4 protein chains.
Amino acid sequence: MSQAAVTFIGLGRMGAPMARNLLAAGFELTIHNRSPKAAEPLVSAGARLAPSPAQSVTPGGIVVSMLAHDAALEAVTLGEQGFAAALGSGGLHISMSTVAPEISRRLAQEHERHGSQFVAAPVFGRPDAAAARKLRICQSGAPDAKLRARPIFDALGQGVFDFGTDPGAANVAKLCGNFLIFAAVEALAETFTLAEKSGLDRSALAAFFGQTIFACPVYQDYGRIVAERAFEPPGFTLELGLKDMRLVRDVAETAGVPMPIGDLLRARLLSGIAQGRGQLDFTAIELACAGDAGLAAPR
Amino acid sequence: MSQAAVTFIGLGRMGAPMARNLLAAGFELTIHNRSPKAAEPLVSAGARLAPSPAQSVTPGGIVVSMLAHDAALEAVTLGEQGFAAALGSGGLHISMSTVAPEISRRLAQEHERHGSQFVAAPVFGRPDAAAARKLRICQSGAPDAKLRARPIFDALGQGVFDFGTDPGAANVAKLCGNFLIFAAVEALAETFTLAEKSGLDRSALAAFFGQTIFACPVYQDYGRIVAERAFEPPGFTLELGLKDMRLVRDVAETAGVPMPIGDLLRARLLSGIAQGRGQLDFTAIELACAGDAGLAAPR
Amino acid sequence: MSQAAVTFIGLGRMGAPMARNLLAAGFELTIHNRSPKAAEPLVSAGARLAPSPAQSVTPGGIVVSMLAHDAALEAVTLGEQGFAAALGSGGLHISMSTVAPEISRRLAQEHERHGSQFVAAPVFGRPDAAAARKLRICQSGAPDAKLRARPIFDALGQGVFDFGTDPGAANVAKLCGNFLIFAAVEALAETFTLAEKSGLDRSALAAFFGQTIFACPVYQDYGRIVAERAFEPPGFTLELGLKDMRLVRDVAETAGVPMPIGDLLRARLLSGIAQGRGQLDFTAIELACAGDAGLAAPR
Amino acid sequence: MSQAAVTFIGLGRMGAPMARNLLAAGFELTIHNRSPKAAEPLVSAGARLAPSPAQSVTPGGIVVSMLAHDAALEAVTLGEQGFAAALGSGGLHISMSTVAPEISRRLAQEHERHGSQFVAAPVFGRPDAAAARKLRICQSGAPDAKLRARPIFDALGQGVFDFGTDPGAANVAKLCGNFLIFAAVEALAETFTLAEKSGLDRSALAAFFGQTIFACPVYQDYGRIVAERAFEPPGFTLELGLKDMRLVRDVAETAGVPMPIGDLLRARLLSGIAQGRGQLDFTAIELACAGDAGLAAPR
């Protein structure tokens, strides 16, 4: 196992296990995180901690970023301490965050000015999937850049899915997936509310669908969560959910696409936050369905 | 293979292969269909053709019905030539149609007056699944009646899922499933419209989801159909789709459950019919999404 | 004041003051009501009380009906004790209830078989407007029948608006008006919720609109009611509101017209009833808006 | 007629007649417009033309701005050539544009730093109302600043409506009004589509409502426009409509208020633009209603 050097920026709930997998795969790892505390276990495991994004990269090297939102990604790349200039000629930035396609397109242009390349590579999978190297990775960007990124992806996930050369395309695919998941949750919420008020057992119905026509992770996992109203602890908070669905809306507005289920989802999320449920799991949009039907919500 | 005698009423696209499977499983089969022509192949294969519902049943025997809508089910059971009285004491009516839960509850009461029993047993699966004995069967009704129906179910499907003793409960489960399928189709339609107008390949995206987080029949099959706009020939027409979503609405109104995605689906279906697409597959609700986004529809 | 004889059936909150106005205008009045108690004041004022619809009419005479719903209208006209046959040749039925256009079309045909005519004449105005002869009357039917009805309309309202010869057209116009009113209430509810959460005074905003661009009765009256949440006592209950919006939906489905605001209104009404607000004024759909925004509802 | 000196910035379709009315009322007028051509008629009528916002104001004087959007307002006030510093101590900025409340709040703070005051004063009324001094003016800001603005308002409109001291409140009121207008147009569009497909005359129905329960400018004017599909020439384009409804949405998101009719309106507007109708009047959202119902649109 003698792999190239890699920089990893962003050690949150997703980034930390991903960085650990790169270490385990033999990459020589430099890390950076806004709060250095999160870096400690990785430093103990052999990673080098850099005090700023700019100081974390090697000229012409590879940087992987996994950040919470567009602003953080922009700051570490193009901000005062950003790494774009330091990465310089021959460098590669692999951006794995769930962000707007517009920022990927813009970063790709900025990197090009410095002679480096950009690959958007957002992922599907929760922190446990990240730890287990089970992520699904959507990629887009220049073919040679994607080829160069491949060993990194192999160390992080169970599959790479290509969406072409537009740097923003993989971000669109990721947002489409999140939209589909949220839409399925709303549909399940309406379904179980109808079932409950018609005298059926919610969990039996969820189990039936998860074993038959909807025998896939989204319906199995969220079907159970929604049926049982297991909204705590949150896997992904309602507030973060609204952030994602706003990204979907922005892409849709730019593209000129009305999305009525998208509008409904944002209304549910906005309402959930207004009612003090912002820190519950996003699946707690079910409580709005239940409330509209006069079911006494469990909280 | 020496099975009891069974009557099968309703030899449509679903009923015909189901009746054939009962014959193949060794049941002594009497059949009835409004149009006797559809019965010919089964008669050739050994079934007895009865000229009316009332003449098709044996007192105390078993009747399976598979009809297009509530009115047909009511007519064959309680109409002038209906079999309810003839079935009489000790009989069992297994109703496998997609109908309103209300009619199941009412039929159960009517049969009880004659001393016979009723099991609602709607199915998931298209005609090819019916032919291959791959149906999923939802059942509800009295425990002993369901036990008696079991050999029939074993000859028709790959699994039986129980929803309790309320005769209408299995119908609610079936309608919930159809609602979830339609909701998934609408979500896919919005997704692929967004993807297309953002420059992504619809089919690649469908394939990605079908292989990963939505690796289940509904998203694989309908994902492909919607991505490719393969709306002909119809598997299930838009007009029939509206019929089903109206049943969902009626159950929801009775139960006092607002279902915003349900409202959206009916609007899409109604619009599709108003625009002359009633005989396309119900997935052609995608054309409304595409049209709203200014995509030139392929038809 | 020497007017022809007239029969009036249906002495509810609207019918009673209307019948009184006919008496006051000099018509020789025969009345019928399911519950005879409501007829007492009118009998004291000179009306003759008939024990059944059939016994209330004069062959070839004029009957005005003002009933709560389609079923009641059908019963008094075509039921066992219905007046259709007794009215016979040369008669005129003026139906002023808010009902489906379909029943008007059917009644027109039934009356024609007996040689009598039918005019649909639903009204706008609450009971106080009925008492003050301020109703607005929408009419449709055969020209000579409408001419014959005119003196009656003059005694009941402040204006007659013609919608042609289709007996159902005036009912469609009435339902359109009710839909517009409900839609305005929902828009006002969303507006005042937004205003309140943005720190504005709801009532000041309502007053502003009522004095300027929306200086008309609907926005003035309902603007104040919604701004102040004056949902009791009800002028028109939420439950009756759902009945009307279902009539709108049925006409829309028959005509093949998706109405997204109509769907939203029904969802609000259904939810209001599910939450125990069925006996509040229909404007209490505002409570759903407020609740979705996390405003503590006043009840 | 001896009035104080006033600066007017923004001579578009609304600003030009407003500036002319200030001149006519005797104000000593300095004007500025990005494109100086629009200023010519006013210069001929006695106004002084300034080459930049900064050069258009008198220290401690009064500036009225009427601009197309937030960015233009921000540029003339705080941009490189902006007037904020030059206005200085004792100055008053009256902002009459339809903009976000947030920018009013921010400008008020910026002006305060320079010792000047800010009043938000958006208006209701189209260009002909502006020319006829018939505008309705919503104001908010500090009491003494509003008092000082009053003679200007008297020269421009037929009424001033106060919404308190929050500088953004009048903007919220203006956006609420525009939302109500758009909502009414959508409701009218659904209504006339239903009426037309039910065989009624759209214009007769519009006239009826405009004379009775909706006897107010919005329903009279837009009722006729929607009934007749008189979408050209535009009074206010669909594209500008989307801009306004986005402002509504942003205020609603900040305030935490789901607005389902607001979502519907944005979907209609977005779809209209996607279908090439961006330069039609915003009321052309009716074409989406008609299209959904299968009516052949007139264009």
Side-chain angles (χ1 to χ4, degrees), chain C residues 101 124-125 136 138 159 161-164 166 168-169 172-173 175-177 179-181 183-184 186-188 190-201 204-205 207-209 211-219 248 251-252 254-262 264 267 289 292-294, chain D residues 101 124-125 136 138 159 161-164 166 168-169 172-173 175-177 179-181 183-184 186-188 190-201 204-205 207-209 211-219 248 251-252 254-262 264 267 289 292-294:
Chain C
F124 285 93
R136 323 279 193 160
C138 297
F161 300 82
D162 189 61
F163 291 92
D166 166 17
V172 173
L175 292 174
C176 285
F179 167 74
L180 281 178
I181 292 170
E186 167 70 21
L188 286 165
E190 296 185 17
T191 298
F192 294 149
T193 303
L194 177 62
E196 178 176 350
K197 288 200 78 177
S198 301
L200 278 74
D201 183 85
L205 196 60
F208 166 58
F209 290 128
Q211 289 166 43
T212 56
I213 53 174
F214 290 106
C216 56
V218 167
Y219 281 79
V248 170
V251 177
T254 302
V257 179
M259 295 181 76
I261 292 185
L264 172 60
C289 270
D292 286 350
Chain D
F124 285 93
R136 323 280 193 159
C138 297
F161 300 83
D162 190 61
F163 291 93
D166 166 18
V172 173
L175 292 175
C176 285
F179 167 74
L180 281 178
I181 292 170
E186 166 70 20
L188 287 165
E190 297 184 16
T191 298
F192 294 148
T193 303
L194 176 62
E196 178 175 349
K197 288 200 77 177
S198 301
L200 278 74
D201 182 85
L205 195 61
F208 166 58
F209 290 128
Q211 288 166 43
T212 57
I213 53 174
F214 291 106
C216 57
V218 167
Y219 282 78
V248 171
V251 177
T254 302
V257 179
M259 295 181 75
I261 293 185
L264 172 61
C289 270
D292 286 350

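Only heavy atoms go into these numbers, but all of them, side chains included; no hydrogens, no water, no symmetry mates. Every chain is numbered from 1, with letters handed out A, B, ... down the list of sequences. Values in this document were obtained by computation on a predicted structure and should not be read as measured data.
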- chain D heavy atoms under 4.5 Å from C:Ile261: which part of the residue, side chain, backbone, both or neither? both
- Which residue out of C:Ala183, C:Gly125, C:Pro101, C:Ala173 racks up the most heavy-atom pairs below 4.5 Å with chain D? C:Ala173
- Who passes ring pair (Phe, Tyr, Trp, His ring centres under 6.0 Å) against D:Phe124, sequence neighbours left out? C:Phe208
- Task: Might you point out which heavy atoms bring D:Cys216 and C:Ala215 nearest each other, and give the distance in Å?
- Result: CB-N, 3.5 Å
- Query: In terms of heavy-atom pairs under 4.5 Å with chain C, which of D:Arg136, D:Gln211, D:Lys197, D:Glu190 leads?
  - Reply: D:Glu190
- Query: Which atom names give the shortest non-hydrogen contact between C:Ala195 and D:Cys176, and what distance separates them?
  - Reply: CB-SG, 4.4 Å
- Note on the structure: Greatest number of non-hydrogen atom pairs under 4.5 angstrom with chain D, of C:Gly199, C:Pro217, C:Ala184, falls to C:Pro217
- When rounded to the nearest 0.5 angstrom, what distance separates CZ in C:Phe192 from SG in C:Cys289? 11.5 Å
- Interchain contact, D:Leu200 with chain C, by part (heavy-atom threshold 4.5 Å): side chain
- Note on the structure: Okay, C:Glu196 and chain D: the region with an atom under 4.5 Å from a heavy atom over there is neither
- Task: Could you tell me which of C:Gly294, C:Gly256, C:Gly168 has the largest number of non-hydrogen atom pairs under 4.5 Å with chain D?
- Result: C:Gly256
- Answer with side chain, backbone, both or neither: which region of C:Cys138 has an atom nearer than 4.5 Å to a non-hydrogen atom of chain D? side chain
- Note on the structure: Heaviest contributor of heavy-atom pairs below 4.5 Å to chain C, chosen from D:Ile213, D:Asp162, D:Leu264, D:Asp201, is D:Ile213
- Query: What is the minimum heavy-atom distance between D:Ser198 and C:Ala255, and which atoms define it?
  - Reply: OG-CB, 4.0 Å
- chain D heavy atoms under 4.5 Å from C:Leu205: which part of the residue, side chain, backbone, both or neither? both
- Item | Those residues that, when tested against D:Phe214, pass ring pair (Phe, Tyr, Trp, His ring centres under 6.0 Å) (two or more places apart) | D:Tyr219
- Message: Using a 4.5 angstrom heavy-atom cutoff, name the option from C:Val257, C:Val172, C:Val248, C:Val251 with the most pairs to chain D.
- Response: C:Val257
- Query: Is there a side-chain contact between D:Glu186 and C:Pro260, using heavy atoms and a 4.5 Å cut-off?
  - Reply: yes
- Message: Before you tell me yes or no, could you show the steps for C:Thr212 and D:Phe161 under side-chain contact (heavy atoms from CB on, under 4.5 Å), namely the whole-Å CA-CA distance, both residues' side-chain angles and the distance that decides it to 0.1 Å?
- Response: CA-CA 10 Å; C:Thr212 56; D:Phe161 300 83; 3.4 Å; yes
- Item | Portion of D:Leu188 that has a non-hydrogen atom of chain C nearer than 4.5 angstrom | both
- Query: If you round to the nearest 0.5 Å, how far is CE of D:Met259 from OG1 of C:Thr193?
  - Reply: 8.0 Å
- Against chain D, label C:Ile181 side chain, backbone, both or neither, depending on which of its atoms sit under 4.5 Å from a heavy atom there. both
- Identify which part of C:Asp166 has an atom lying under 4.5 Å from any heavy atom of chain D, answering side chain, backbone, both or neither. side chain
